[in-house]
Amino acid sequence: QVQLVESGGGLVQAGGSLRLSCAASGRTFSNYAMGWFRQAPGKEREFVVAISRNGAGRYYADSVKGRFTISRDSAKNTVNLQMNSLKPEDTAVYYCAAKRYSTGYAEQNTYDYWGQGTQVTVSS
């Protein structure tokens with residue numbers, strides 16, 4: 001089992017920044033690729049970004065490229081999501097997820113563990 005706890009969400013004005021963190025516990029962190037997904041009200045949950053087990057590969061949804069940056073800290077067992085130039089359409093609950101295998105990063109059903117989510121609200 002892997003437990004994931006997200007933090008860092010909140011309310012920010014358009015153009016502002018937020019940094020989300022996901023703390024992992026329970027299994028060897030380096031064995032898991034990590035991803036962030038989000039779900040806006042009335043919409044399906046969608047892929048945002050993922051990072052490979054060793055941190056060398058980073059995969060972004062087109063909608064966040066150039067604005068969001070994912071990183072992982074193996075010493076702290078955390079994965080971080082720096083979100084800059086936020087837009088109202090980024091408003092959603094953001095979920096951290098972990099997967100054992102390094103394929104299908106954008107596919108939700110390939111992830112083994114999920115956090116509870118953290119709310120991000122961007123006002124216009």
Side-chain angles (χ1 to χ4, degrees):
Q1 280 290 87
V2 174
Q3 292 78 42
L4 302 173
V5 179
E6 302 97 335
S7 62
L11 173 64
V12 65
Q13 287 188 332
S17 299
L18 278 176
R19 182 178 176 88
L20 305 183
S21 291
C22 174
S25 61
R27 290 285 178 94
T28 304
F29 182 62
S30 59
N31 287 346
Y32 292 85
M34 303 296 295
W36 286 94
F37 291 77
R38 66 187 181 186
Q39 187 167 21
K43 295 187 176 181
E44 298 284 323
R45 189 160 57 184
E46 64 176 6
F47 170 74
V48 177
V49 60
I51 189 166
S52 62
R53 288 180 288 185
N54 64 4
R58 304 179 187 191
Y59 311 90
Y60 294 88
D62 289 343
S63 59
V64 305
K65 278 181 183 176
R67 300 187 300 121
F68 290 12
T69 302
I70 191 172
S71 62
R72 64 190 297 159
D73 185 336
S74 295
K76 297 181 179 179
N77 285 2
T78 59
V79 60
N80 302 303
L81 181 61
Q82 178 66 40
M83 306 186 296
N84 298 328
S85 302
L86 283 161
K87 305 174 181 180
E89 51 263 45
D90 294 318
T91 295
V93 177
Y94 283 71
Y95 297 91
C96 173
K99 68 196 312 292
R100 184 67 180 87
Y101 298 104
S102 298
T103 58
Y105 288 106
E107 300 171 23
Q108 297 183 48
N109 60 5
T110 67
Y111 285 78
D112 303 297
Y113 303 101
W114 292 82
Q116 292 300 306
T118 185
Q119 176 71 48
V120 171
T121 303
V122 184
S123 64
S124 57

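Just the heavy atoms: all of them, side chains too, but no hydrogens, waters or symmetry mates, feed the values below.
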Working to the nearest 0.5 angstrom, can you tell me the gap between E107 CD and K99 NZ? 7.5 Å
When you measure from the side chain of R72 to the backbone N and O of S52, does any donor-acceptor pair fall under 3.5 Å? yes
Between F29 and T78, what is the shortest heavy-atom contact and its length? CZ-O, 3.5 Å
Compare every heavy atom of A92 with every heavy atom of Q119, then report the nearest pair and how far apart it is. NE2-O, 3.4 Å
Quick one: does T118's side chain have a donor or acceptor within less than 3.5 Å of a partner on Y94's backbone? no
If two hydrophobic side chains count as joined below 4.5 Å and joins carry through other members, does Y95 share a cluster with V79? no
side-chain contact (heavy atoms from CB on, under 4.5 Å), paired with L81, selected from L20, T69, L18, I51: L20
Establish whether V48 and Y59 are linked, either directly or via other cluster members, by ILVMFWY side-chain heavy-atom contacts under 4.5 Å. no
Please report the closest heavy-atom contact between S17 and N84, naming both atoms and the distance. OG-OD1, 2.9 Å
Has the side chain of R67 got a donor or acceptor atom that lies under 3.5 Å from a matching backbone atom of S85? yes
Pairwise side-chain contact, R100 with N31, heavy-atom cut-off 4.5 Å (strictly under): yes
Is there a chain of hydrophobic side chains (I, L, V, M, F, W, Y, each step under 4.5 Å between heavy atoms) that links M34 to V120? yes
If we ignore hydrogens and angles and just use 3.5 Å, is the side chain of E6 paired with the main-chain N or O of C96 as donor and acceptor? yes
Assigning hydrophobic clusters by single linkage (Ile, Leu, Val, Met, Phe, Trp, Tyr; side-chain heavy-atom cutoff under 4.5 Å), is V64 placed with V122? yes
Joint hydrophobic cluster, Y32 plus L4, side-chain heavy atoms closer than 4.5 Å: yes
Can you see whether N80 engages Q82 through a side-chain donor-acceptor pair at a distance of less than 3.5 angstrom? no
Which heavy atom of R53 sits nearest to which heavy atom of S102, and what is that distance? NE-OG, 3.2 Å
Looking at side-chain heavy atoms only, is the closest gap between Y101 and Y111 below 4.5 Å? no
Nearest heavy-atom contact between R38 and S63 is NH2-OG, 3.6 Å
How are the rings of F37 and F47 set relative to one another: parallel (under 30°), tilted (30 to 60°) or perpendicular (over 60°)? perpendicular
Might you work through the salt bridge (charged side-chain N to carboxylate O under 4.0 Å, His left out) test for D90 and K87, ending with a clear yes or no? CA-CA 5 Å; D90 294 318; K87 305 174 181 180; over 6 Å; no
Any non-hydrogen side-chain atom of E46 less than 4.5 Å from a side-chain atom of Q108? no
